[in-house]
Amino acid sequence: QVQLVESGGGLVQPGGSLRLSCAASGSIFSINAMGWYRQAPGKQRELVAVIPTGGSTNYADSVKGRFTISRDNAKNTVYLQMNSLKPEDTGVYYCNAVVVSSTPFRALDCWGQGTQVIVSS
């Protein structure tokens, strides 16, 4: 079994910062691309940032220059550093990863449970 667990969400004022973390655990053979999605109240889930293994990072236009995605492969963890936060960044943020598990040997599309981010004055 493979699990993704997010942390770091909370309530911040506009212009503030948060750092989200997502740690993968379980019978992991390898992890391919990892990414962050978010879902604002009443809206569809959207891709925020993605970081492939050995590839370049990509961001939604709305967060470019403000958010930074990174990963620590030794810890099986992906991060999202969020700076200059705006009210429109409010939503539930979800970690996603395609994981190849060891037992059984198969590919899994894994999702975290989500962590809430509220940007409000």
Side-chain angles (χ1 to χ4, degrees):
Q1 185 180 16
V2 177
Q3 294 179 330
L4 302 181
V5 179
E6 299 116 326
S7 62
L11 174 64
V12 297
Q13 294 183 337
S17 298
L18 284 174
R19 191 191 192 202
L20 307 183
S21 299
C22 172
S25 62
S27 300
I28 299 172
F29 180 81
S30 65
I31 302 177
N32 296 314
M34 305 184 77
W36 288 93
Y37 289 74
R38 70 184 179 189
Q39 188 168 19
K43 296 185 178 180
Q44 298 295 312
R45 187 175 300 185
E46 64 176 347
L47 179 64
V48 176
V50 62
I51 180 168
T53 300
S56 60
T57 58
N58 287 284
Y59 301 90
D61 289 340
S62 60
V63 306
K64 286 182 179 178
R66 300 187 297 118
F67 290 11
T68 302
I69 188 170
S70 61
R71 62 191 291 174
D72 186 335
N73 292 327
K75 297 181 179 180
N76 290 328
T77 300
V78 63
Y79 306 94
L80 186 67
Q81 178 66 47
M82 304 186 295
N83 299 325
S84 302
L85 284 163
K86 304 175 181 179
E88 49 263 45
D89 295 319
T90 294
V92 178
Y93 285 68
Y94 298 90
C95 176
N96 171 254
V98 176
V99 179
V100 179
S101 65
S102 299
T103 54
F105 186 70
R106 61 178 179 173
L108 300 171
D109 186 9
C110 300
W111 290 88
Q113 81 288 350
T115 184
Q116 189 174 50
V117 172
I118 300 176
V119 185
S120 177
S121 59

What are the two closest non-hydrogen atoms of [X] and [Y], and how far apart are they?
X	Y	value
G8	L18	O-CD2, 3.7 Å
S70	I51	CA-CD1, 3.8 Å
W36	L20	CH2-CB, 3.7 Å
C110	N96	O-ND2, 3.0 Å
L80	A49	CD1-CB, 4.2 Å
V63	R38	CG1-NH1, 3.9 Å

Got a second to check how far [X]'s [atom1] is from [Y]'s [atom2], nearest 0.5 Å?
X	Y	atom1	atom2	answer
E6	Q113	CD	CD	4.5 Å
Q3	S27	CD	OG	10.5 Å
F29	L108	CZ	CG	13.5 Å
N76	M34	CG	CE	7.5 Å
S84	F67	OG	CZ	9.0 Å
D89	S62	CG	OG	7.0 Å

Any chain of hydrophobic side-chain contacts (each under 4.5 Å) joining [X] to [Y]?
X	Y	result
Y37	V99	no
V78	V117	yes
V12	Y93	yes

Would you call K64-D61 a salt bridge at under 4.0 Å N-O? yes

Determine whether I28 and V2 satisfy the following criterion, side-chain contact (heavy atoms from CB on, under 4.5 Å), listing intermediate values before the conclusion. CA-CA 7 Å; I28 299 172; V2 177; 4.2 Å; yes

Tell me if a side-chain donor or acceptor on Y59 pairs with a main-chain N or O of R66 at a distance below 3.5 Å. no

Do any N or O atoms from the side chain of Q39 and from the backbone of G91 form a donor-acceptor pair under 3.5 angstrom? no

Take a 6.0 Å sphere around CD of E88 and say whether it holds more than 12 heavy atoms from other residues, nucleotides or ligands. yes

Can you label the angle between the W111 ring and the Y94 ring as parallel, tilted or perpendicular, going by 30° and 60°? perpendicular

For S121 and Q13, run side-chain contact (heavy atoms from CB on, under 4.5 Å): C-alpha distance rounded to whole Å, both residues' side-chain angles, the deciding distance at 0.1 Å, then the answer. CA-CA 5 Å; S121 59; Q13 294 183 337; 5.6 Å; no

Would you say the side chains of S17 and N83 form a donor-acceptor pair under 3.5 Å? yes

Derivation and outcome, side-chain contact (heavy atoms from CB on, under 4.5 Å), residues I31 and R71: CA-CA 11 Å; I31 302 177; R71 62 191 291 174; 3.8 Å; yes

